[in-house]
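Here's the structure, in structure tokens; my notes come after.
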Amino acid sequence: MVKRPADNTDLSHLTPAAQATALLPDAERIASIRADRWIGYTRARQALANLEELLLWPQRQRMQNMLLIGPTNNGKSMIIERFRRQHSSRLSEDGSKEVISVVIMQMPSEPSVNRFYTMLLHSMNLPFTRRRHVAELEFTTLRLMRAAKVRMLVIDELHNMLAGSTRVRGEFLNLLRFLGNELRIPIIGVGTEDAYRAIRSDDQLENRFRPLVLPRWEAGPDLLSLLASFAASFPLRRPSQLFSPEMVSYILTRTEGTIGEMATLLGRAAIAAIESKEEEINARTLALADYDSPTERRKTCEREIA
């Protein structure tokens, strides 16, 4: 049971957790707004369900893989982090070693097979000796992944493979095929549309990687549901006004249609709502928010370095 403020303010517009936080001092409410929050919108739940299905898939010679594709700052990394937390590492039954069901790594910004294996071992917090030959790193990585009973490999920023030469890209495509065949685990690629184009250049890999796209948001019922979820999660003492066509259009235009930018804009508007005593996100607090759109940030930077 949430204790109401002395003035009997109705907090029914908030989630139970946000109701409890709304009773705290302003500084604590602002700190909670700045923390990461999970918003379980339809496409995110679909992605998690697909990942769960692949994790439970029995081993076979050619495992089904997945590509999670979308523009930058549109929720991809939040989804895979949510999945990782649901399948965190644990000790084996006899307590002798760590079992790591899901490994999440990032494709190196300057791709090479050597750096890839080094990054993979680092992501598993496993000991390794630097400057080994590729063959040694490969053998060590496969051995340690089997010992840790890895059941899924997630490669974030997969599009970074395109930073290398045509030869390097070919090496990585061969590497993905090799890891899938050798370990018989699903591989999840996460990245922009460029990652999809890279996979499409290899007919065998294209058949194994099923794409799931997180498109930019557009006006419609899904966006209204998302905005409602955000509004219910911020510990503001009055209901926020986000649902008129004008407000939806403003939010989409400022954020350029990505969930990460919406989270930033709405979070800063929620902070402005507390500091201004408005206690709701509305046209005024959105205008007060300390926020620049991606295009505005780009233009500011270009002016300053010109």
Side-chain angles (χ1 to χ4, degrees), residues 51-68 80-81 83-84 86-165 167-191 195 198-199 201-210:
L51 289 169
E52 195 69 44
E53 178 185 359
L54 290 174
L55 185 67
L56 298 176
W57 203 267
Q59 283 192 331
R60 62 183 187 182
Q61 185 174 5
R62 291 193 175 186
M63 298 295 290
Q64 182 68 53
N65 305 319
M66 187 174 99
L67 278 176
L68 187 59
I80 62 173
E81 176 60 19
F83 187 72
R84 185 192 65 78
Q86 292 173 344
H87 298 280
S88 56
S89 60
R90 66 186 190 281
L91 289 177
S92 58
E93 292 183 4
D94 61 6
S96 63
K97 59 187 176 182
E98 187 177 24
V99 175
I100 309 174
S101 297
V102 178
V103 172
I104 297 177
M105 65 168 292
Q106 184 168 303
M107 178 67 76
S109 56
E110 295 182 7
S112 72
V113 174
N114 191 298
R115 290 192 68 193
F116 178 89
Y117 280 126
T118 300
M119 185 72 76
L120 177 50
L121 289 170
H122 177 73
S123 300
M124 297 173 65
N125 294 317
L126 293 175
F128 62 94
T129 303
R130 295 182 182 276
R131 297 185 180 178
R132 286 186 174 182
H133 294 298
V134 170
E136 292 179 281
L137 275 172
E138 182 176 274
F139 175 80
T140 299
T141 302
L142 293 175
R143 177 175 59 83
L144 292 175
M145 289 181 76
R146 290 190 180 107
K149 299 187 182 301
V150 174
R151 295 164 52 203
M152 176 179 285
L153 173 62
V154 181
I155 307 173
D156 201 2
E157 307 292 341
L158 185 63
H159 49 267
N160 282 349
M161 77 165 71
L162 298 176
S165 64
R167 178 186 60 80
V168 170
R169 274 175 274 175
E171 287 179 351
F172 271 108
L173 293 173
N174 288 335
L175 175 60
L176 293 177
R177 191 184 305 108
F178 169 77
L179 287 174
N181 291 340
E182 189 69 20
L183 294 170
R184 297 192 178 187
I185 62 174
I187 297 175
I188 312 302
V190 183
I199 294 297
S201 68
D202 185 294
D203 290 340
Q204 292 185 41
L205 286 178
E206 183 180 13
N207 289 333
R208 296 190 199 183
F209 279 86
R210 179 176 59 183

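We count residues from 1, following the sequence as given. Please read these numbers as outputs of a predicted model, since none were measured by experiment.
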Just so I know, are the side chains of F83 and L55 near enough to count as touching, which here means a heavy-atom distance under 4.5 Å?
yes

Rounded to the nearest 0.5 Å, the CG atom of L120 sits from the CG atom of L137 at a distance of 10.0 Å

Search all heavy atoms of R184 against all heavy atoms of M63 and return the closest pair with its distance.
C-CG, 3.5 Å

So I155 and M105, do their side chains get closer than 4.5 Å, heavy atoms only?
yes

Rounded to the nearest 0.5 Å, what separation is found between the CG atom of N207 and the CD atom of Q64?
9.5 Å

Applying salt bridge (charged side-chain N to carboxylate O under 4.0 Å, His left out) to R115 and not counting sequence neighbours gives none

Would a 4.5 Å heavy-atom cut-off, applied to side chains only, mark E182 and R146 as touching?
yes

Check: L175 and Y117 side chains under 4.5 Å, non-hydrogen atoms:
yes

Between V150 and M124, what is the shortest heavy-atom contact and its length?
CG2-CE, 3.8 Å

Output for pair (T140 OG1, L121 CG), nearest 0.5 Å, gives 7.0 Å

I need the E171 CD to M161 CE distance, nearest 0.5 Å.
12.0 Å

Full working for side-chain contact (heavy atoms from CB on, under 4.5 Å) between L153 and L183:
CA-CA 10 Å; L153 173 62; L183 294 170; 5.8 Å; no

Residues two or more places apart in sequence or in another chain: which of them pass salt bridge (charged side-chain N to carboxylate O under 4.0 Å, His left out) with R90?
none

Do L179 and F116 have side chains that approach each other closer than 4.5 Å (heavy atoms only, starting at C-beta)?
yes

Sorted by chain and number, sequence neighbours left out, salt bridge (charged side-chain N to carboxylate O under 4.0 Å, His left out) with R151 holds for none

Under the salt bridge (charged side-chain N to carboxylate O under 4.0 Å, His left out) test, which residues partner D202, sequence neighbours left out?
R177

Check whether more than 12 heavy atoms from other residues, nucleotides or ligands sit under 6.0 Å from atom CZ of F178, and answer yes or no.
yes

What distance separates M66 CE from R210 CZ, expressed to the nearest 0.5 Å?
7.5 Å

Can you find a pair of side-chain heavy atoms, one from V102 and one from L51, that are under 4.5 Å apart?
no

Spell out, as yes or no, whether a donor-acceptor pair under 3.5 Å connects the side chain of N65 to the backbone of I187.
yes

Shortest non-hydrogen contact between A198 and L173, atoms and distance:
O-CD2, 3.7 Å

Do P186 and W57 make a side-chain contact, defined as non-hydrogen atoms from C-beta onward lying under 4.5 Å apart?
no

When I80, L68, I188 are each screened for side chain to side chain contact (heavy atoms under 4.5 Å, CB included) with D156, the one that passes is I80

Shortest non-hydrogen contact from F209 toward L67
CD2-CG, 3.8 Å

Qualifying side-chain hydrogen bond (donor to acceptor under 3.5 Å, both in side chains) pairs with a residue from residues 103-112, counting only residues at least two apart or across chains
none

Those residues at least two apart in sequence (or on a different chain) that pass side chain to side chain contact (heavy atoms under 4.5 Å, CB included) with S89 are E98, I100

Just verifying a value: how many Å separate N174 CG and L205 CG, rounded to the nearest 0.5 Å?
8.0 Å

